[in-house]
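See below for the structure under consideration.
Read the numbers this way: they start at 1 and go in the same order the structure lists the ligands and their atoms. Not measured: the values here are computed from a predicted model.
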Amino acid sequence: MEHPDVLLDEVELRAVVDRLAAELSAEYDDGVVMVAVLRGSVPFLADLVRAMTIRATVDFVSLSPYTPGTGRVRFVMDASTNLEGRQVVIVEDIVDTGLTSAFLLGEFARRSPATLSLCTLIDRPARRVVPVEIGHTGLQIEDRFVIGYGLDFEGRYRNAKCVAAADLDVLSADPDAYVEALYCA
Ligand code: 5GP
């Protein structure tokens with residue numbers, strides 16, 4: 001059986017999410033808008049907002065994936081909340097190249113929010129292409145591919161309860177290689 005390297009187990013995820021929720025609750029007044037990037041941020045957003053102790057509304061964006069060569073990220077679905085004058089937090093699963101976050105920060109800044117910041121569960125600075133200011137980070141990791149807790153490989157593993165580093169060669173040979181280890185423990 002292939003075993004991924006667990007970076008955040010359920011207990012550690014709880015602690016990270018609770019810390020971030022406490023930081024955000026202390027930083028913002030009531031009425032923060034949490035905008036999550038579909039689909040990887042959904043488990044993180046759901047746990048984060050329930051651990052926060054201020055009023056929060058949620059909204060979502062869906063983006064076309066960045067494809068090397070085009071240098072472009074585009075909205076497939078935009079947020080429907082009017083962000084003008086609001087306290088806005090973008091919620092990301094992972095900041096990798098930074099292209100997704102930089103695009104969203106730029107787009108939302110033009111809508112005149114009162115405040116705008118970025119909260120990410122995972123920061124992987126090794127492959128950064130554009131600098132991104134991250135307000136709140138759950139965990140900074142080395143250059144390893146991660147799955148679980150929203151993060152997928154070809155749609156799999158989003159509902160795994162931990163965040164784990166996986167071997168891309170192993171996954172390419174067998175996308176289900178980690179199913180037994182992650183779901184049958
Ligand atoms: P960016 O490169 O624009 O910072 O990140 C774009 C998106 O790529 C992330 O939101 C995430 O969905 C995906 N991504 C980047 N690195 C990883 C990774 O290690 N694992 C998984 N499953 N997705 C990743």
Flag yes if Val163 and Leu20 sit in one hydrophobic cluster, no otherwise; membership is Ile, Leu, Val, Met, Phe, Trp, Tyr, and two members link when side-chain heavy atoms are under 4.5 Å apart.
yes

Judged by heavy atoms only, the candidate from Arg156, Glu92, Arg127, Arg124 nearest atom 19 (O) of ligand 1 is Arg124

Considering Leu104, Leu121, Thr100 one by one, which has a heavy atom nearer to atom 6 (C) of ligand 1 than any of the others?
Thr100

Ile147-ligand 1 polar pair, N/O distance under 3.5 Å:
no

Verify the distance criterion only: is there a donor paired with an acceptor across the side chains of Glu92 and Ser41 at less than 3.5 Å?
no

For Phe145, atoms of ligand 1 separated by under 4.0 Å from a heavy atom
18 (C), 19 (O), 20 (N), 21 (C), 22 (N)

Contacting atoms of ligand 1, where contact means under 4.0 angstrom from a heavy atom of Val95
4 (O)

Sorted by chain and residue number, the side-chain contact (heavy atoms from CB on, under 4.5 Å) partners of Ala160 (sequence neighbours excluded) come out as Leu182, Tyr183

Check whether the side chains of Thr81 and Asp59 place a donor and an acceptor atom closer than 3.5 Å, and report yes or no.
yes

Among residues two or more places apart or on two chains, list those pairs meeting ring pair (Phe, Tyr, Trp, His ring centres under 6.0 Å) that have a residue in residues 80-129.
Phe75-Phe103

Near Asp93, which atoms of ligand 1 are under 4.0 Å from a heavy atom of that residue?
9 (C), 10 (O), 11 (C), 12 (O)

Could you pull out, from Val37, Asp123, Asp152, Asp96, the option with a heavy atom nearest to atom 22 (N) of ligand 1?
Asp152

Is the backbone of Arg158 close enough, under 3.5 Å, to the side chain of Arg39 for a donor and an acceptor to pair up by distance?
no

Hey, does Ser101 come in under 3.5 Å of ligand 1, counting only N/O atoms on both sides?
no

Ser25 side-chain N/O to Thr53 backbone N/O, donor-acceptor pair under 3.5 Å:
yes

Donor-acceptor pair, distance only, cut-off 3.5 Å: does the side chain of Arg124 make one with the backbone of Arg144?
yes

I'd like the name of whichever of Val146, Leu151, Asp143 reaches closest to atom 20 (N) of ligand 1 through any heavy atom.
Val146

Name the option, out of Thr120, Ile141, Thr97, that contains the heavy atom nearest to atom 1 (P) of ligand 1.
Thr97

Are any of the heavy atoms in Gly40 under 4.0 Å away from ligand 1?
no

